[in-house]
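First the structure, in the form of structure tokens, and then the observations on it.
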Amino acid sequence: MSNVISQSMSHTTNGLLFAGWNQDQGCFACGMENGFRIYNCDPLKEKERQDFEDGGLGYVEMLFRCNYLALVGGGPRPKYPENKVIIWDDLKKEKVTELEFDGPVRSVKLKRDRIIVILDRVIRIFNFTRIPQELHQIQTAPNPRGLCALSPTTTNSVLAYPGVEVGHVNLVDLSDMMEKPMVDISAHEAALSCIALNLQGTQLATASEKGTLIRVYDTQTHERLLELRRGAANASIYCINFNQDSTLLCVSSDHGTIHVFSEDPTRNRTSSLSKARGILPKYFSSNWSFTKFQIPAGIHCICAFGNDKKSVIAICADGSYYKYSFDNKGESHIDTCCKFLQMTDE
């Protein structure tokens, strides 16, 4: 799954099965072997804890900071079948409704008026009511990661997902799927590993299973805006996120690093041989990150920008929380390091 820590990746004994951001990265939710937890991101604070005696959760999707959550069972003793989505009202501490499917649920996305359920080869779209009605089905390439990105704003209803062709991303407008045609973007030659939309839904970032390049597209014109190089060696991209005003991106991978890129190419690093563009291979004219952070022990993490615009938050599978700060020159340091699973709401 993109932009989340999933139970297949955590490999830890701390009970953590899942971690993922809410729509504006101001909070993150954790699925545990015995329930779920909700944290404020910056500053870090546990906001909610729900314990279940009878099982765990492999996916928890927030809807900004409201009381509704989408839950999917997971772990050695799933609380719910893994082919069901439970809509949970955390104010009333009860299940509101459930949706059942033929196969396992890979991920869920919520919008104030939509429930998006991602299965292995199909995306199913429902209205968000007490008795959800199915509105659309979309066929996709095999999608075991549950890749899907949804614009959370009320003014833009773009949905991005893997196309049927390898390496392609499809875009649809949920507000008018009958009239507005689907858009197909040939993003990569290899299969996709991560996709992300900015908060406004105007830019799409993609990475393939090679993990060397991040490409950014305009969702309206469908033109490629940027090509950013994470590195030369292949990597699994865990997470891509834009900052609030879409001037920066952060990217985490299995190399134990978080890279920060600017959408202003003059801020990013380039090779000293970049002036030989057109003579030397394309590699030498690449845009490289202007700063990066090393995660201790290279543990799997997801990343997002902090409140102060020059910081990045990392949430790690071992229960670690890191806040890194950087300056305009790309120099950085760790501001905060703690274990969020050991916190309480006091």
Side-chain angles (χ1 to χ4, degrees), residues 1-11 18 20 58-59 82 101 103-109 116-125 137-150 158-172 182-198 203-219 222-242 249-259 261 282-283 286-287 298 300-303 317:
M1 303 174 191
S2 64
N3 291 356
V4 301
I5 294 169
S6 66
Q7 53 192 318
S8 63
M9 300 175 182
S10 59
H11 304 300
F18 170 91
Y59 202 95
E82 296 182 14
F101 304 94
V105 174
R106 297 306 183 187
S107 63
V108 185
K109 302 297 178 185
I116 317 294
V117 181
I118 297 87
L119 307 175
D120 277 328
R121 290 177 177 268
V122 66
I123 295 175
R124 299 179 63 175
I125 302 170
Q137 289 192 19
I138 301 173
Q139 301 300 313
T140 71
N143 192 11
R145 299 173 185 263
L147 299 184
C148 185
L150 175 64
V158 65
L159 177 75
Y161 57 92
V164 175
E165 291 190 59
V166 173
H168 286 228
V169 180
N170 289 170
L171 302 177
V172 294
M182 179 269 290
V183 173
D184 181 82
I185 295 175
S186 178
H188 300 272
E189 293 182 3
L192 299 169
S193 68
C194 194
I195 57 177
L197 289 166
N198 65 348
Q203 293 185 24
L204 166 74
T206 67
S208 77
E209 289 181 347
K210 289 182 66 177
T212 53
L213 297 172
I214 310 299
R215 290 178 173 143
V216 180
Y217 296 87
D218 186 307
T219 61
H222 319 130
E223 295 178 358
R224 186 196 295 178
L225 302 176
L226 292 167
E227 182 174 273
L228 307 168
R229 182 168 289 277
R230 183 213 54 79
N234 289 3
S236 294
I237 302 298
Y238 291 146
C239 183
I240 304 173
N241 266 315
F242 294 83
L249 290 90
C250 58
V251 179
S252 66
S253 75
D254 67 344
H255 285 211
T257 53
I258 297 175
H259 291 257
F261 300 89
K282 190 177 179 181
Y283 173 88
S286 296
N287 270 278
H300 177 196
C301 75
I302 56 175
C303 57

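Only this structure's heavy atoms are used, side chains among them; waters, hydrogens and symmetry mates stay out.
Rounded to the nearest 0.5 Å, atoms CE (Met182) and CG (Asn170) are 4.0 Å apart. Once rounded to the nearest 0.5 Å, the distance linking CD1 of Ile240 with CG of Leu197 reads 11.0 Å. For the atom pair CG (Leu249) and CZ (Arg230), the distance works out to 14.5 Å, reported to the nearest 0.5 Å. Here CD of Gln139 is found 9.5 Å from CZ of Arg121. Values are rounded to the nearest 0.5 Å. Here SG of Cys194 is found 12.0 Å from CD of Glu209. Values are rounded to the nearest 0.5 Å. Separating the CG atom in Asn143 from the OH atom in Tyr161 is a distance of 11.5 Å, to the nearest 0.5 Å.
The shortest distance between side-chain heavy atoms of Asn234 and Thr212 falls below 4.5 Å. Annotation: side chain of Val105 is not in contact with side chain of Tyr59 (no heavy-atom distance under 4.5 Å). Looking at heavy atoms from C-beta onward, Leu159 lies in side-chain contact with Ile138 at the 4.5 angstrom threshold.
The side-chain hydrogen bond (donor to acceptor under 3.5 Å, both in side chains) search around Gln137 returns Glu134, not counting sequence neighbours. Every residue two or more places apart in sequence or in another chain was checked for a salt bridge (Lys or Arg N to Asp or Glu O under 4.0 Å) with Asp254, and none qualifies.
Here the rule is side chain to side chain contact (heavy atoms under 4.5 Å, CB included) with Ile118, and of Thr140, Leu147, Ile123 only Ile123 fits it. Each of Arg224, His188, His168 was scored for a side chain to side chain donor-acceptor pair (under 3.5 Å) with Thr206, with one residue passing: His188.
Across every non-hydrogen atom of Cys303 and Ser252, the tightest pair is SG-N, 3.7 Å. The two residues Ile237 and Ser193 have their closest heavy-atom pair at CB-OG, 3.9 Å. The shortest heavy-atom contact between Gly167 and Leu192 is O-CD2, 3.9 Å. Closest of all the heavy-atom pairs between Ile116 and Cys148 is CG2-SG, 4.4 Å. Across Val169 and Ala160, no two heavy atoms sit closer than the pair CG1-CB, 4.1 Å. The two residues Cys301 and Ile5 make their nearest non-hydrogen contact at CA-CD1, 4.4 Å.
Using a distance-only test at 3.5 Å, with no hydrogens or angles considered, a donor-acceptor pair links the side chain of Asn198 to the main chain of Gln203.
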**Asked** Going through the distances and angles, do Asn287 and Glu227 end up as a side chain to side chain contact (heavy atoms under 4.5 Å, CB included)?
**Response** CA-CA 7 Å; Asn287 270 278; Glu227 182 174 273; over 6 Å; no

